[in-house]
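Report on the structure given below.
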Number of protein chains: 2
Amino acid sequence: MPEIDRTSRLYPYEQIAAWITHRIHNGDLRPGMPIPSETTLQQEFPGTARTTIRRAVRHLRDLGLVETLPRRGTYVLPPQDHQ
Amino acid sequence: MPEIDRTSRLYPYEQIAAWITHRIHNGDLRPGMPIPSETTLQQEFPGTARTTIRRAVRHLRDLGLVETLPRRGTYVLPPQDHQ
DNA sequence: AGTAATTTGTTCGTATGTATC
DNA sequence: AGATACATACGAACAAATTAC
């Protein structure tokens, strides 16, 4: 449900990251596939700034869920068994 | 007159809140418009801390005069007829 | 080959949230 | 009450590489 809950204690970037994570675990976004572009995500979450979208993607990157190829896109990584 | 009266029995935050309230009732600040930012207010009332400004704004919020959109700004609400 | 569209990179300015001293 | 620091958020502008046609 792409809609930011402004009353949540979760930051918008956290909500966006959670949404993408959900789609990955869902199988909607599979390893090797690109996630939606920043512009697209911004449209999916009206009222958000691109800087916030980028913050969310950075978070996913930090979690090791995705990989960003400069100026090409951000792609879903294979599941990592982190012991 | 943005100048804190240190001899007044009114707390600085009350004086600041009163000043903003005055500007709202004045029509200087109208519904839907953002009130001056915390930084601006801090400059308008030299010698005050941001925490004090925030306390004043919180007071206005409690009174139902303004609404704060987290990390976006504080806006004047339409007049409320409180019976 | 060449141009336009797309996508990420970078930076600036302004605003509030939270914490510490 | 004041001072300082850092984080998140929105908006905007521009740069650079890639892709599409």
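Letters go in sequence order (proteins before strands), and every chain restarts at 1. Keep in mind it's a predicted model, so treat the numbers as computed, not measured.
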Whole angstrom value for the distance that separates P of D/dA9 from CZ of A/Phe45: 13 Å

Under 4.0 Å between a side-chain N or O of A/Arg50 and OP1 or OP2 of D/dA12? no

B/Arg55 CZ to C/dT18 P, in whole Å, measures 17 Å

Is there a side-chain contact between B/Thr52 and the phosphate of D/dG2, meaning an N or O under 4.0 Å from OP1 or OP2? yes

Roughly how far apart are B/Leu60 CG and B/Thr68 OG1, rounded to 0.5 Å? 9.0 Å

Tell me whether the side-chain N/O atoms of A/Arg6 come closer than 4.0 Å to OP1 or OP2 in D/dC10. yes

Step by step, would you call B/Tyr75 with B/Ile35 a side chain to side chain contact (heavy atoms under 4.5 Å, CB included)? CA-CA 6 Å; B/Tyr75 296 80; B/Ile35 69 174; over 6 Å; no

How long is the line joining OH of A/Tyr11 and C1' of D/dC6, in whole Å? 11 Å

Taking OP1 and OP2 of C/dT14, is either one under 4.0 Å from a side-chain nitrogen or oxygen of B/Ser37? no

Distance check needed: D/dA1 C1' versus B/Arg58 CZ, whole Å only. 14 Å

Rounded off to whole Å, could you give me the CD-to-C1' distance for the B/Glu38 and C/dA15 pair? 8 Å

Neighbour count >12 (heavy atoms, 6.0 Å) for atom CZ, A/Arg6: yes

So, is A/Arg54 close to the C/dG9 phosphate, meaning a side-chain N or O under 4.0 Å from OP1 or OP2? yes

Whole-Å distance separating the CD atom of B/Gln42 from the P atom of D/dA5: 13 Å

From C/dG9, D/dC10, C/dT16, pick the nucleotide closest to the side chain of A/Thr68? C/dG9

Rounding to a whole Å, what distance do you find between A/Leu69:CG and D/dT18:C1'? 11 Å

Which comes earlier along DNA chain D counting from the 5' end, the contact point of A/Pro70 or that of A/Thr51, where each point is its nearest nucleotide? A/Thr51

When rounded to whole Å, the OH to C1' distance for the pair B/Tyr75 and C/dT14 reads 11 Å

When all nucleic acid strands are considered with a 4.0 Å heavy-atom cut-off, which category describes B/Pro12: base, sugar-phosphate, or nothing? sugar-phosphate

Quick check: does any side chain N or O of B/Thr21 sit under 3.5 Å from a backbone N or O of B/Ala17, one acting as donor and the other as acceptor? yes

Would you say D/dT19 has OP1 or OP2 under 4.0 Å from some side-chain N or O of A/Arg72? yes

Partner of A/Glu38 under salt bridge (Lys or Arg N to Asp or Glu O under 4.0 Å), chosen from A/Arg71, A/Arg54, A/Arg58: A/Arg54

